[in-house]
Structure formats: structure tokens, C-alpha cells
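For reference, the structure discussed in these notes is given below.
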Amino acid sequence: MPELPEIICRAREMNEALVGRTVRSIEALQPKCLNVPVEKFREGLTGAKLLGVTHRGKWLFVETSRGHLLINMGMGGEILLVPQDGLPEKWRVRFDLDGDETLTINFWWFGNTHFVAPGELGEHEMTAKLGPNALDLSSEEFAQRLTGRRGRIKSFLLDQSKIAGIGNAYVHDILFAAKLHPLRTIPTLEAADIERLYGAIRTELQRSIDAGGAWYEVGLNGGRGGFTADDLVIGYREGKPCPECGTTIEKIKTGSTSGFICPTCQVPP
DNA sequence: CAAGGTGTTGTCCA
DNA sequence: ATGGACAACACCTT
């Protein structure tokens with residue numbers, strides 16, 4: 001559930017706190033979240049110097065002197081920087097750093113911590129297929145990526161190979177801000193619809209970035225983001241009035257996920 | 001206290 | 001190309 005705003009904030013924090021540090025030792029309690037055997041993972045990154053942290057979609061890219069550490073937090077969890085004698089109760093992978101601190105990674109479901117050897121980033125399939133970051137493309141590129149598609153607009157926004165970084169938490173407010181129903185199909189969109197949608201993506205994600213990300217995720221020091229449930233306009237507000245027109249907000253099925261809409265502002269297809 | 005829902009991603013199948 | 005079901009087995013709400 002960390003989506004682009006949380007990943008951007010996490011990358012920023014990690015750059016401030018981790019660059020220049022060296023990995024002394026590694027423990028991995030859950031081999032299933034790795035892409036290589038535990039021994040290979042430990043050998044690969046032990047002794048590595050951390051050089052910088054970037055992001056692509058919901059993935060964090062930690063560049064090191066010995067290759068990349070790629071992290072995907074799945075449906076939520078914590079990356080914490082703690083003293084070595086103050087480990088959190090739960091962690092799945094742990095990097096002991098110089099300076100008696102430890103970077104612990106925990107996710108409560110479906111996370112990944114992958115090792116990619118130097119020069120082999122292009123062979124990492126899970127990240128190689130990602131589309132451009134949702135905030136890193138122009139409105140022309142966005143429109144171009146929509147042309148020829150036939151599916152529903154919400155499916156497109158959530159498809160990480162088309163555009164990377166939007167998940168099922170922010171997509172409700174993005175679609176509401178663009179006045180588009182999630183089940184609208186792409187061929188029915190006018191140029192003005194696409195332009196509004198492009199603007200809505202930027203505005204809605206930026207609102208959360210400015211607040212430090214969502215309240216349900218924590219940073220390296222355990223502090224929560226400042227973007228709270230009250231900042232959501234329509235997502236998860238089933239039964240409450242639409243702030244634009246007062247119509248009761250509905251929860252609907254949108255494929256295998258659920259969606260939240262104002263049935264007046266977002267006319268069904 | 002047990003059941004059901006959930007922010008992610010990949011794969012398989014229609 | 002598109003959508004749905006499902007699997008990965010944690011945590012919270014009902």
C-alpha cells in the first residue's frame with residue numbers, strides 16, 4: 001500500500017540517512033521474499049557501501065558499490081533505522097550498518113527484497129517492465145500511452161507497466177478529481193477528459209507528498225506521514241456526502257478491487 | 001472467536 | 001489485448 005507518495009518520501013529519507021554507510025552483515029528470516037538464495041543475497045551485499053536511493057513506481061532502488069538492492073513493500077510494512085540493541089519486534093530482513101545501527105525491513109504481506117548484481121539491472125524482470133513514474137511524464141506522453149487501449153480507465157491507472165506508482169488508495173480521489181467513473185472505457189474519453197485526468201494525477205499525488213505521505217505508513221524513524229483520512233476526498237468515505245454536490249458516496253466493485261465514487265459527479269458509463 | 005476484507009504483484013486461463 | 005480468479009498466509013474489523 002505504499003504508493004508513489006510514500007515511496008518518494010522514503011527514498012528521500014534514506015538518501016539523507018544512509019548514503020555513505022557500509023553494510024557490515026545481513027540476516028534474512030524469510031527466504032521467500034528474496035530473488036536469490038539467502039547465502040547469495042548475503043554474500044552479494046555484505047560490505048557494500050550505500051551510494052544513493054531512487055524509486056520507480058512502488059519500488060525503491062538502493063544503489064550500492066556491489067550492485068542494487070531493490071525493495072517492494074507489498075501491502076505495507078516498515079523500513080526502520082534503529083540502534084543495534086533496539087531491534088523492533090518484527091523484521092524479515094536486517095542490514096547491520098557501521099555506526100551500530102541496523103536497517104530493518106518488515107512487511108506484513110507480499111513484500112520483496114531483491115539483489116541485482118552490478119550491470120544486471122536490465123535483467124530484473126519485475127522492475128524492467130515498469131512504465132514511467134506517474135509524475136515523470138508529460139501530458140502528451142500520457143495521452144500517447146492511452147491511445148489504442150480499450151480497457152477501463154481504472155485498470156489502466158493501476159497497471160504498473162503502463163504508468164508506475166498509482167495504487168488502489170489514491171486512485172479513487174484521482175478519478176473523482178477528474179470527474180471520471182472508474183469503469184469508463186478508454187475509447188470513450190475525450191481529449192479534455194484525458195487532460196483533466198493528467199492534472200488530477202499530479203495534484204492528488206502531490207497533496208500527499210507535501211504532507212509527508214500517508215498516515216498509515218511510517219518513516220525510517222517510526223514517524224507517520226501527515227496525509228490523513230481527513231485529507232481523502234472520496235476514497236473510503238462510503239455513506240458520507242460528496243463534498244461537491246452532497247450525493248451519498250458509494251462503494252462499488254471495480255473488477256477485483258473496490259472503488260469509491262460520487263454517482264452524480266462521476267456518471268456511470 | 002472465527003470469518004471476511006484488504007493497500008501488491010505475478011501467473012494462468014478464458 | 002483485456003479481465004477475472006487465484007495464490008503468496010498478516011493484520012484489522014465485524
Side-chain angles (χ1 to χ4, degrees), chain A residues 1-10 28-35 55-61 70-79 88-93 104-114 123-131 133-134 144-175 181-189 204-205 208-209 213-219 224-225 227-229 231-232 234-239 250-260 269:
Chain A
M1 82 100 47
E3 300 176 27
L4 202 51
E6 291 76 46
I7 297 300
I8 286 174
C9 293
R10 209 65 66 241
L29 297 184
Q30 192 185 43
K32 286 174 88 169
C33 74
L34 308 178
N35 59 329
H55 68 94
R56 183 122 164 253
K58 300 167 186 172
W59 287 80
L60 286 163
F61 284 53
L70 307 183
I71 305 169
N72 180 294
M73 296 302 288
M75 288 176 77
E78 317 85 40
I79 302 175
E89 279 186 29
K90 299 194 173 180
W91 54 271
R92 295 171 192 254
V93 184
T104 65
I105 298 176
N106 182 54
F107 21 76
W108 55 271
W109 230 5
F110 319 152
N112 297 110
T113 51
H114 288 183
E123 291 156 48
H124 186 258
E125 294 186 1
M126 286 178 80
T127 55
K129 12 176 121 151
L130 292 174
N133 282 330
Q144 181 60 39
R145 290 197 155 250
L146 279 167
T147 59
R149 305 275 172 208
R150 291 200 319 283
R152 307 200 263 229
I153 188 58
K154 180 176 174 181
S155 302
F156 177 89
L157 293 175
L158 295 181
D159 185 338
Q160 302 300 298
S161 70
K162 309 294 192 299
I163 295 192
I166 300 172
N168 199 43
Y170 291 101
V171 73
H172 313 116
D173 278 8
I174 289 172
L175 286 166
H181 191 282
L183 300 182
R184 273 283 292 276
T185 54
I186 294 169
T188 69
L189 298 179
E204 294 303 311
L205 294 180
S208 179
I209 293 169
W215 80 96
Y216 47 72
E217 292 293 325
V218 303
R224 294 188 172 275
F227 190 82
T228 72
D231 294 312
L232 290 174
I234 205 143
Y236 309 99
R237 293 184 156 271
E238 181 186 12
E250 293 179 0
K251 181 178 184 179
I252 63 171
K253 282 287 169 198
T254 49
S256 52
T257 62
S258 53
F260 296 85

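Letters A, B, ... are given to chains in the order of the sequence lines, protein chains preceding strands, and every chain is numbered from 1.
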Problem - Any donor-acceptor N/O pair, Asn133(A) side chain to Gly57(A) backbone, under 3.5 Å - result: yes
Problem - Glu78(A) CD to dG7(B) P, straight-line distance once rounded to whole Å - result: 18 Å
Practice task
Have a look at Ser155(A) and say if it touches a base, only the backbone sugar-phosphate, or nothing, with a 4.0 Å heavy-atom cut-off.
Solution key: sugar-phosphate
Exercise for the section: Indicate, with a heavy-atom threshold strictly under 4.0 Å, whether Lys90(A) touches base, sugar-phosphate, or nothing. Expected result: sugar-phosphate
Problem - P atoms of dC1(B) and dC9(C), separation to the nearest Å - result: 25 Å
Exercise for the section: Could you measure between the two P atoms, the one in dT14(C) and the one in dG7(B), and give it in whole Å? Expected result: 15 Å
Practice task
Could you list the residues that satisfy side-chain contact (heavy atoms from CB on, under 4.5 Å) with Thr104(A), not counting sequence neighbours?
Solution key: Leu80(A), Val82(A), Leu87(A), Pro88(A), Trp91(A), Arg94(A), Thr102(A)
Exercise for the section: Tell me whether the OP1 or OP2 atom of dG7(B) has a side-chain N or O from Tyr236(A) closer than 4.0 Å. Expected result: yes
Handout entry: Atom-to-atom span, CG of Leu232(A) to P of dG7(B) - whole angstrom
Key = 12 Å
N/O-N/O pairs, protein side and nucleotides 9-14 of chain B side, under 3.5 Å:
from: dT9(B); atom 1: OP2; to: Lys58(A); atom 2: NZ; distance (Å): 3.1

Exercise for the section: Over 60° means perpendicular and under 30° means parallel, so classify the ring planes of Phe227(A) and Tyr170(A), tilted if in between. Expected result: tilted
Exercise for the section: Taking Ser208(A) for its side chain and Leu205(A) for its backbone only, find out whether a donor-acceptor pair lies under 3.5 Å. Expected result: no
Handout entry: Glu3(A) side chain to Gly167(A) backbone, donor-acceptor under 3.5 Å
Key = yes
Handout entry: Spacing of Ile174(A) atom CD1 relative to dG7(B) atom C1', expressed in whole Å
Key = 14 Å
Problem - Partner residues of Lys251(A) under the side-chain contact (heavy atoms from CB on, under 4.5 Å) criterion, sequence neighbours left out - result: Glu238(A), Ser258(A), Phe260(A)
Practice task
Keeping the roles fixed (side chain from Glu6(A), backbone from Leu4(A)), state whether a donor-acceptor pair exists under 3.5 Å.
Solution key: no
Exercise for the section: Spell out, as yes or no, whether a donor-acceptor pair under 3.5 Å connects the side chain of Arg92(A) to the backbone of Cys33(A). Expected result: no
Exercise for the section: Please find the earliest and latest nucleotides of DNA chain C, in the 5' to 3' direction, that have an atom within less than 4.0 Å of any heavy atom of chain A. Expected result: dT2(C) to dC11(C)
Practice task
Write down the distance between CZ (Arg56(A)) and P (dT8(B)), rounded to a whole number of angstrom.
Solution key: 18 Å
Practice task
Could you provide the dot-bracket string of DNA chain B, using ( ) for intrastrand pairs, [ ] for crossing pairs and | for bases paired to another strand, with Watson-Crick or G-U pairs below 3.5 Å?
Solution key: .|||||.|||||||
Practice task
Specify the separation, in whole Å, of atom NZ of Lys251(A) and atom C1' of dG4(B).
Solution key: 11 Å
Problem - 4.5 Å side-chain heavy-atom contact, Met73(A) and Glu217(A) - result: no
Handout entry: Under 3.5 Å donor-acceptor, Asn106(A) side chain and Gly77(A) backbone
Key = no
Practice task
Output all residues satisfying side-chain contact (heavy atoms from CB on, under 4.5 Å) with Thr188(A), sequence neighbours left out; order by chain, then residue number.
Solution key: Arg184(A), Thr185(A)
Practice task
Taking atom C1' in both dG10(B) and dC11(C), compute the distance separating them and give it to the nearest angstrom.
Solution key: 23 Å
